[in-house]
Engineer: 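One structure, as C-alpha cells, below. Some questions next.
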Amino acid sequence: MAASKGIAAVWRFLFYLFRPRAPFVMRTEHYLLEAHPLKGTLTRSVLRRGVWEPGETAAFIAMLTPGACVIDAGANFGHYALVAAKFVGPQGRVIAFEPDPFTFGLLQKNISLNALTNVEPVMAGLSDETMRLGLTLDEANPGGHSFVGESVWKAGATVQAQVYRLDDYVAQHGIARIDMLKADVQGFEWRLLAGARATIARDRPIVFCEVTPDALRQHGDDHEVLLRFFEEAGYGVGMVNRKERRSYDIDYATARALLGGKNAGHADLIFTAART
C-alpha cells in the first residue's frame, strides 16, 4: 500500500508539472498502460493518480490464484483484466468483455503493450439474453457507458452492441470452469447474473460486483433480487471499504441496509461460495 501511495504521489506531481497532451506509455504497479492525458478515457484518472481503485484492486488480487479462469465484464481499458493476467499466470485465462468500440480499442492496445497471451478481449457485453442492444455512451464519465440509458451522467450517442448470455458463451466456447466473475456494468448487474445462473451453479465462482441500486431500479430490477439470489445459493457476502483500502465480511442484513438507504450510492460487493 505504501508503494501504491508513493507511485500515486509521483504521478500526480509529474502530471501537473508537465501537463502532457499526447498519449504515452506509463508503468503502473502491475502493468504498462497507454495513458491518454486529455478527457475521454479512464486512463486519464490513472495518469493523474498513479493508481486505479487501489482498495478494490487489493481485494481482487487477494482472491486470484495461479491457473484460474477470470471473466471481466465491463473491462474498460483493461485494469482488472491486466491485473488478473499477472496473478493467474501463463496457465490461467482472462476473458475480458467490453462493448464500446472505442474503449475496446484501448483494451486491445493495453493487452498488446503487455504482450499478454492469457487475455482474450471480446467486444461485447453480458446480459440475460444473447442479442444486440443499445449502449448509451456517457460524455461526462468514460466509465459510465450503460445499457441503462437513464443512469448515465450525460447521454451521448447510442451504439448497437453485441451482448451474450454468459451461460450461452461458456457452452459455445467450451469453457470448462470459471473461478472468478468481476462485474462493473452500470446497472446491468442483475441482467448479467440472470444470464449466468447455470455457470454460477456449476462452478461456484467468486463474484466481484459493483452494485448500483438506482441504476438497477431504472432498468426495472432490484438489488434485493440480486442479494437473495446469492443468499439462497449459499454464498457469503463481503464489501470493499475504499477509504480503508481493504475488504471485510458482512452479513446480508448489512448489505441490504447498505444498498437500501435513501442516498445509497454504489457498493463494491464480493460474493464467495461456502466451502464444502
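Computed over heavy atoms, backbone and side chain alike; hydrogens, waters and symmetry mates excluded. Quick caveat, the model's predicted, so the values are computed rather than measured.
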Engineer: Show me the pairs that pass salt bridge (charged side-chain N to carboxylate O under 4.0 Å, His left out) and involve residues 156-166, at least two apart or across chains.
Structural biologist: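 Every pair satisfying salt bridge (charged side-chain N to carboxylate O under 4.0 Å, His left out) with a residue in residues 156-166: R165-D167, R165-D168.
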
Engineer: Would you mind listing every salt bridge (charged side-chain N to carboxylate O under 4.0 Å, His left out) that reaches into residues 121-135, with sequence neighbours excluded?
Structural biologist: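 Sorted result for residues 121-135: empty, none.
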
Engineer: Which value, rounded to the nearest 0.5 Å, describes the distance between T103 atom OG1 and M123 atom CE?
Structural biologist: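 Between atom OG1 of T103 and atom CE of M123 there are 11.0 Å.
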
Engineer: Counting distance only, does the side-chain N/O of T57 pair as donor-acceptor with the main-chain N or O of W52 below 3.5 Å?
Structural biologist: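 Present.
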
Engineer: If I take atom CE from residue M180 and atom CD1 from residue I71, how far apart are they, to the nearest 0.5 angstrom?
Structural biologist: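 CD1 of I71 is found 11.5 Å from CE of M180.
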
Engineer: Does D184 use its side chain to pair, donor to acceptor, with the backbone of E210 at less than 3.5 Å?
Structural biologist: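 No; judged by distance alone, with no hydrogens or angles, the pair does not exist.
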
Engineer: Given side chains that start at C-beta, do those of T43 and M26 come closer than 4.5 Å, heavy atoms only?
Structural biologist: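 Counting from C-beta outward, T43 and M26 never come under 4.5 Å.
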
Engineer: When you measure from the side chain of D138 to the backbone of K154, do you find a donor-acceptor pair of N or O atoms at a distance under 3.5 Å?
Structural biologist: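 It does hold such a pair.
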
Engineer: The test is side-chain contact (heavy atoms from CB on, under 4.5 Å); show your working for V163 and L135 and say whether it passes.
Structural biologist: CA-CA 10 Å; V163 295; L135 176 72; over 6 Å; no

Engineer: Can you list the residues that meet the salt bridge (Lys or Arg N to Asp or Glu O under 4.0 Å) rule with D179, with sequence neighbours excluded?
Structural biologist: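 Counting only residues at least two positions away or on another chain, D179 forms a salt bridge (Lys or Arg N to Asp or Glu O under 4.0 Å) with R177.
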
Engineer: Could you tell me whether Y169 and Y164 have their ring centroids closer than 6.0 angstrom?
Structural biologist: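 Between Y169 and Y164, the centre distance is under 6.0 Å.
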
Engineer: List the atom of A81, the atom of A96, and the distance in Å for their closest heavy-atom pair.
Structural biologist: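 Taking every non-hydrogen atom into account, CB-CB, 3.9 Å.
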
Engineer: Hey, does the side chain of Q108 reach the backbone of L106 with a donor-acceptor pair shorter than 3.5 angstrom?
Structural biologist: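 Judged by distance alone, no pair lies under 3.5 Å.
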
Engineer: F102: which residues meet the ring pair (Phe, Tyr, Trp, His ring centres under 6.0 Å) condition with it, sequence neighbours left out?
Structural biologist: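 Partners of F102 under the ring pair (Phe, Tyr, Trp, His ring centres under 6.0 Å) test: none.
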
Engineer: Suppose we screen for ring pair (Phe, Tyr, Trp, His ring centres under 6.0 Å). Which residues come up paired with F188, at least two apart in sequence or across chains?
Structural biologist: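 Testing F188 for ring pair (Phe, Tyr, Trp, His ring centres under 6.0 Å), a comparison that skips the adjacent residues, returns F147, H219.
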
Engineer: Got L116 and Y31 here, is their nearest side-chain heavy-atom distance under 4.5 Å?
Structural biologist: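 Result no, sub-4.5 Å side-chain heavy-atom pair not found.
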
Engineer: Going by atom type alone, with no hydrogens or angles, which donor-acceptor pairs under 3.5 Å involve a side-chain atom of residues 223-232 and a protein atom two or more places apart or on another chain?
Structural biologist:
unit_1, atom_1, unit_2, atom_2, d
E224, OE1, R256, NE, 2.7
E224, OE2, R256, NE, 3.2
E224, OE2, R256, NH2, 3.1
E231, OE1, R256, NH1, 3.4
E231, OE1, R256, NH2, 2.7

Engineer: With a 3.5 Å distance limit and no angle check, can you tell me whether R204 reaches the backbone of A233 through a side-chain donor-acceptor pair?
Structural biologist: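 Yes, because the side chain of R204 sits within donor-acceptor range (under 3.5 Å) of the backbone of A233.
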
Engineer: Kindly give the heavy-atom pair with the smallest separation between L107 and N76, and that separation in Å.
Structural biologist: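 Between these two residues, the closest heavy atoms are CB-O, 3.5 Å.
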
Engineer: Hey, what do you get for CD1 (I175) to OG1 (T199), rounding to the nearest 0.5 Å?
Structural biologist: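 The OG1 atom of T199 is 8.0 Å from CD1 of I175, to the nearest 0.5 Å.
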
Engineer: With salt bridge (charged side-chain N to carboxylate O under 4.0 Å, His left out) as the rule and sequence neighbours excluded, what pairs involving residues 80-103 come up?
Structural biologist: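 Matches after skipping sequence neighbours: R93-E120.
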
Engineer: Quick one: CG on L269 to OH on Y252, what's the gap to the nearest 0.5 Å?
Structural biologist: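 Going from CG on L269 over to OH on Y252, the span is 9.0 Å.
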
Engineer: With sequence neighbours excluded, tell me which residues meet ring pair (Phe, Tyr, Trp, His ring centres under 6.0 Å) with F87.
Structural biologist: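 In terms of ring pair (Phe, Tyr, Trp, His ring centres under 6.0 Å), with neighbours along the sequence ignored, F87 is linked to H30.
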
Engineer: Looking only at heavy atoms, which two atoms of F97 and G125 are closest? And how far apart?
Structural biologist: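 Where F97 meets G125 most closely, the heavy atoms are CD2-O, 4.5 Å.
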
Engineer: With T65, which residues qualify under side-chain contact (heavy atoms from CB on, under 4.5 Å), at least two apart?
Structural biologist: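 Counting only residues at least two positions away or on another chain, T65 forms a side-chain contact (heavy atoms from CB on, under 4.5 Å) with A68.
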
Engineer: Mind checking the CG-CZ spacing from L33 to F77? Nearest 0.5 Å is all I need.
Structural biologist: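 It is 5.5 Å, given to the nearest 0.5 Å.
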
Engineer: Kindly state each residue pair satisfying salt bridge (charged side-chain N to carboxylate O under 4.0 Å, His left out) with at least one member in residues 65-77, sequence neighbours excluded.
Structural biologist: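 Every salt bridge (charged side-chain N to carboxylate O under 4.0 Å, His left out) pair that includes a residue of residues 65-77, provided the two are not neighbours, is D72-K182.
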
Engineer: Output all residues satisfying side chain to side chain donor-acceptor pair (under 3.5 Å) with T212, sequence neighbours left out; order by chain, then residue number.
Structural biologist: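 Residues passing side chain to side chain donor-acceptor pair (under 3.5 Å) with T212: none at all.
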
Engineer: Using the ring pair (Phe, Tyr, Trp, His ring centres under 6.0 Å) criterion, which residues pair with F60? Sequence neighbours excluded.
Structural biologist: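 If we apply the ring pair (Phe, Tyr, Trp, His ring centres under 6.0 Å) test to F60, skipping adjacent residues, the hits are Y80, F208.
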
